[in-house]
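Notes to accompany the following structure.
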Protein chains: 2
Amino acid sequence: MAKINVLIVEDDPLIAEDIRDLLSRVNYNIVGIAHSKADALNLLRNTSPDISLLDINLGDNTDGILIAEIINETYKIPFLYLTSYSSKVILDKVKHTLPMGYVVKPFDEADLFTAIEIAISNYSLFNKSENFTIETINASIPNKLTQKEFEVLLDMYNGCSNTEMADKNFVSVNTIKTHVQKIYEKLDAHSRATFIVKIRQLLQT
Amino acid sequence: MAKINVLIVEDDPLIAEDIRDLLSRVNYNIVGIAHSKADALNLLRNTSPDISLLDINLGDNTDGILIAEIINETYKIPFLYLTSYSSKVILDKVKHTLPMGYVVKPFDEADLFTAIEIAISNYSLFNKSENFTIETINASIPNKLTQKEFEVLLDMYNGCSNTEMADKNFVSVNTIKTHVQKIYEKLDAHSRATFIVKIRQLLQT
DNA sequence: GAAGAAGTCATCCTTTTGGGTGATTTTTAA
DNA sequence: TTAAAAATCACCCAAAAGGATGACTTCTTC
């Protein structure tokens, strides 16, 4: 099994190294340790973590929350909060970012592993749009979609008519209709409505 | 704020009482403590918990998982697993039940509170289908749907063509078409595709 | 550079939708 | 009991979608 890429965002170097040691011993690959918001954004941009562990408090501020928001907007990976203490106040401040969990420091090895694995396995189920890639769709059907077909599929899923798609792609409606036909064949759908249902099914499994 | 109703499913009486004490001191109401699967099903049926804390191992079996499955099917409330230890093996066995989290025993007060609150606040966001009622839809639109229209809407959402709906409801296609038109007016949609998108929007807010 | 896949477009035809209007019956509620 | 709302259906027309087939033009890729 491929190692799970983890990004650690934790200002305390001792704790960060502690986590790295724990995780490195088993099936995890640490793509980086960020001690600040800037570090974190940089690593998010340049590595491809599968999950991020976020300290809420970086130095004297709550930059962890900002990083979480950016992850949700741009990177769409699950994350867990690392907190030194848990309180209703903290919770209210972070829950809108929909963390996949939290780990209260100090934590033990097993807790951390469990939290990470549950986070990753549940995230894909919860975050449906994350699954909405050509790879996920193709993994579930015998006749694979081409790139173009997937683009058309996305537009269809977002409510475009054939004419609208033709216009925005500068091709004729006939071309779009051909793509649509192929998509229907490959997904075993026969109308816009059944197509949507098929997509829902594919994204849920 | 109304107290949060909690169902505790835990075979160890000491731990169960410990949890009850912890939670009762603050904003929680314990609707019951179940020591067995039978107890749990009974309490689920007769009380209305907002969340359940499930020990995975009840006695010498993993009835906690079965209870989780029943909760998912029938009661649709969030639950957290209480585990004495965490391992990949356990995790693989439980993750298909989509727990909102887990708490590893022994746990401290703050951990438990945080886990419960996050579970409850996130559950409603994750569980979209729970929101799919005529009330939720009507709450978001100026011209309310009638009951019949909502039924047609559900069929449309599930991929039925007008003809299919006419057949299964023993009415003419014309009747269905009238309902569909009304639905489009009220939702400001103009085709099956845009209708689906509108519904998605309504369910997400 | 040849073969195959992917993308482009056309034509033909049928079925389904979308839309508008009007009318009748049934239900609901004042 | 009566007026309003909801549900039923019809007819008309235009637009869009669905389905099949064939052909031409890029791209890849070996």
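Order of the sequence lines fixes the chain letters, A, B, ..., with proteins taken first and strands second; residue numbering starts at 1 for each chain. Values in this document were obtained by computation on a predicted structure and should not be read as measured data.
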Worksheet item: Does the side chain of B:Ser191 pick up a donor-acceptor pair with the side chain of B:Thr194 at under 3.5 Å?
Response: yes
Practice prompt. Kindly point out which of C:dG18, D:dT8, C:dC9 is positioned nearest to the side chain of A:Thr175?
Written response: C:dC9
Discussion item. Using whole Å, what does the distance between atom C1' of nucleotide D:dA5 and atom CG of B:Asn143 come to?
Written reply: 13 Å
Worksheet entry | Among D:dG18, D:dC9, C:dA10, the nucleotide that comes nearest once only the side chain of A:Val180 is considered | D:dG18
Worksheet item: How far apart are the closest heavy atoms of B:Val9 and B:Ser52, and which atoms are they?
Response: CG2-OG, 4.0 Å
Discussion item. Any side-chain N or O of B:His179 below 4.0 angstrom from OP1/OP2 of D:dA6?
Written reply: no
Discussion item. Between C1' on D:dA17 and CD on A:Gln181, what's the gap in Å once rounded to a whole number?
Written reply: 8 Å
Worksheet item: Under the criterion side-chain contact (heavy atoms from CB on, under 4.5 Å), which of B:Ile65, B:Thr83, B:Thr62 is the partner of B:Asn57?
Response: B:Thr62
Fill in: Earlier contact from the 5' end, DNA chain C, for B:Thr178 and A:Lys144
A:Lys144
Worksheet entry | Spacing of B:Leu53 atom CG and B:Leu23 atom CG [to the nearest 0.5 Å] | 6.5 Å
Discussion item. If you take the centroid of each ring, where Trp contributes its six-membered ring, are A:Phe195 and A:Tyr157 closer together than 6.0 Å?
Written reply: no
Discussion item. Contact list please: residues 182-197 of chain B against DNA chain C, heavy atoms, distance less than 4.0 Å, in numerical order.
Written reply: B:Tyr184, B:His190, B:Ser191, B:Arg192
Fill in: Nucleic acid contacts of residues 145-171 of chain B, taken as heavy-atom distances under 4.0 Å to DNA chain D
B:Thr146, B:Lys148, B:Val171
Worksheet entry | Within 6.0 Å of NZ in A:Lys168, more than 12 heavy atoms from elsewhere | no
Item to complete: For the side chain of A:Ser172, starting at C-beta, report the closest nucleotide among C:dA10, C:dT8, C:dG18.
Response: C:dA10
Worksheet item: Do A:Glu185 and A:Lys182 sit within salt-bridge range, that is, some charged N less than 4.0 Å from a carboxylate O?
Response: no
Worksheet item: Between B:Ile176 (CD1) and D:dA7 (P), how many Å, whole number?
Response: 11 Å
Fill in: Residue pairs passing the salt bridge (charged side-chain N to carboxylate O under 4.0 Å, His left out) test where at least one lies in residues 29-52 of chain B, sequence neighbours excluded
none
Response to the item:
A:Asn174 CG to C:dA10 C1', in whole Å, measures 6 Å
Fill in: Salt bridge flag under 4.0 Å for residues A:Glu151 and A:Lys148
yes
